Amino acid sequence: MELTMITMIKKITKFGVIGATLMMLSGCLGMPKDVQPISGFELNRYLGEWYEIARLDHSFERGLSQVSATYSVNDDGSVKVINKGFSAEDNEWSEALGKAKFVNQPDEGYLKVSFFGPFYGSYVIFELDKENYEYAFVSGPDLDYLWLLSRTKDVDQEVIERFVSTAQSLGFKTNELIFVEQ
């Protein structure tokens with residue numbers, strides 16, 4: 001069933017940055033054992049464009065560069081998500097439109113994201129530059145999904161080292177990280 005869903009989603013979108021990847025999991029919510037979502041989250045400060053700096057590989061983003069996610073608020077209060085990336089192999093941009101909702105309280109960095117109907121996947125912000133909202137460490141429902149997002153295309157080496165160290169201590173396979181071409 002999961003493989004069929006993956007194939008279908010790939011055919012429909014050829015893309016799945018962050019949220020669409022989570023959609024592949026057919027509604028998987030939850031988070032890795034030692035990952036905890038941040039508290040004191042402020043959605044309005046998180047809105048806008050984020051660039052993908054690093055990720056663990058998966059079929060939905062394989063080969064994509066210049067990956068970004070843009071967040072805004074829908075009329076119904078949910079979060080509009082636009083994921084975009086460039087496929088050099090296909091020589092084209094791919095885009096996926098989805099929506100996110102808070103799983104618990106709106107001040108907790110734990111959301112569920114949907115790109116296809118009623119299916120949701122976890123989006124867990126487990127570290128965030130709370131002073132300026134300049135970078136975020138995000139996981140999915142398990143240790144196979146991990147992203148470093150930034151407001152800028154270039155990130156200080158100190159942030160990258162902190163991301164790798166923190167992720168490794170939580171059990172993520174940091175030796176398999178892909179650093180995204182911008």
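The structure presented is a predicted model; accordingly, all values stated were derived computationally and were not measured.
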Ring centre gap for Phe137 and Tyr135 strictly below 6.0 Å
yes
List the steps and the verdict of side-chain contact (heavy atoms from CB on, under 4.5 Å) for Leu128 and Tyr133.
CA-CA 6 Å; Leu128 176 67; Tyr133 278 56; 3.4 Å; yes
Does CG in Asp154 sit with more than 12 non-hydrogen atoms of other residues, nucleotides or ligands closer than 6.0 Å?
no
Go through the steps to decide whether Ile125 and Phe41 satisfy the test side-chain contact (heavy atoms from CB on, under 4.5 Å), and finish with yes or no.
CA-CA 9 Å; Ile125 304 164; Phe41 180 71; 3.5 Å; yes
Short N-O contact, Glu61 and Arg55, less than 4.0 angstrom
yes
Below 30° counts as parallel, above 60° as perpendicular, anything between as tilted: where do the rings of Tyr123 and Tyr71 land?
perpendicular
Taking it one step at a time, do Leu43 and Val73 satisfy side-chain contact (heavy atoms from CB on, under 4.5 Å)?
CA-CA 9 Å; Leu43 176 61; Val73 177; 4.3 Å; yes
Between Asp76 and Lys99 the two heavy atoms that sit nearest each other are OD2-NZ, 3.9 Å
Main chain of Gly85, side chain of Glu52: is a donor-acceptor contact present, judged purely on distance under 3.5 Å?
no
Rounded to the nearest 0.5 Å, what separation is found between the CD atom of Glu131 and the CZ atom of Arg45?
8.5 Å
Spatial distance of atom OH (Tyr120) from atom OG (Ser114) [nearest 0.5 Å]:
5.0 Å
Considering only distance and modelled atom types, tabulate donor-acceptor pairs under 3.5 Å from the side chains of residues 170-178, sequence neighbours left out.
none

Exercise: identify the closest heavy-atom pair between Leu29 and Ser122:
CA-OG, 3.0 Å
Search all heavy atoms of Met31 against all heavy atoms of Val35 and return the closest pair with its distance.
SD-O, 3.3 Å
Do Lys130 and Glu42 sit within salt-bridge range, that is, some charged N less than 4.0 Å from a carboxylate O?
no
When you look at CD of Glu158, are more than 12 heavy atoms from neighbouring residues, nucleotides or ligands closer to it than 6.0 Å?
no
If you look at every heavy atom in Val124 and Gly140, which pair is closest and at what distance?
CG2-O, 4.2 Å
Shortest non-hydrogen contact between Glu127 and Thr166, atoms and distance:
OE1-OG1, 4.0 Å
How many angstroms lie between atom CD1 of Ile53 and atom NZ of Lys153, to the nearest 0.5 angstrom?
9.5 Å
Over 12 foreign heavy atoms within 6.0 Å of CZ, Arg162
no
Just how far is it from atom OG of Ser150 to atom CD of Glu49, taken to the nearest 0.5 Å?
11.0 Å
Over all heavy atoms of both residues, which pair between Pro32 and Ser139 is shortest? Give the atoms and the distance, please.
CD-OG, 3.6 Å
Nearest-0.5 Å distance that lies between atom CG in Leu47 and atom OG in Ser72:
7.0 Å
What's the separation between atom CG in Leu56 and atom CG in Leu146, rounded to the nearest 0.5 Å?
4.5 Å
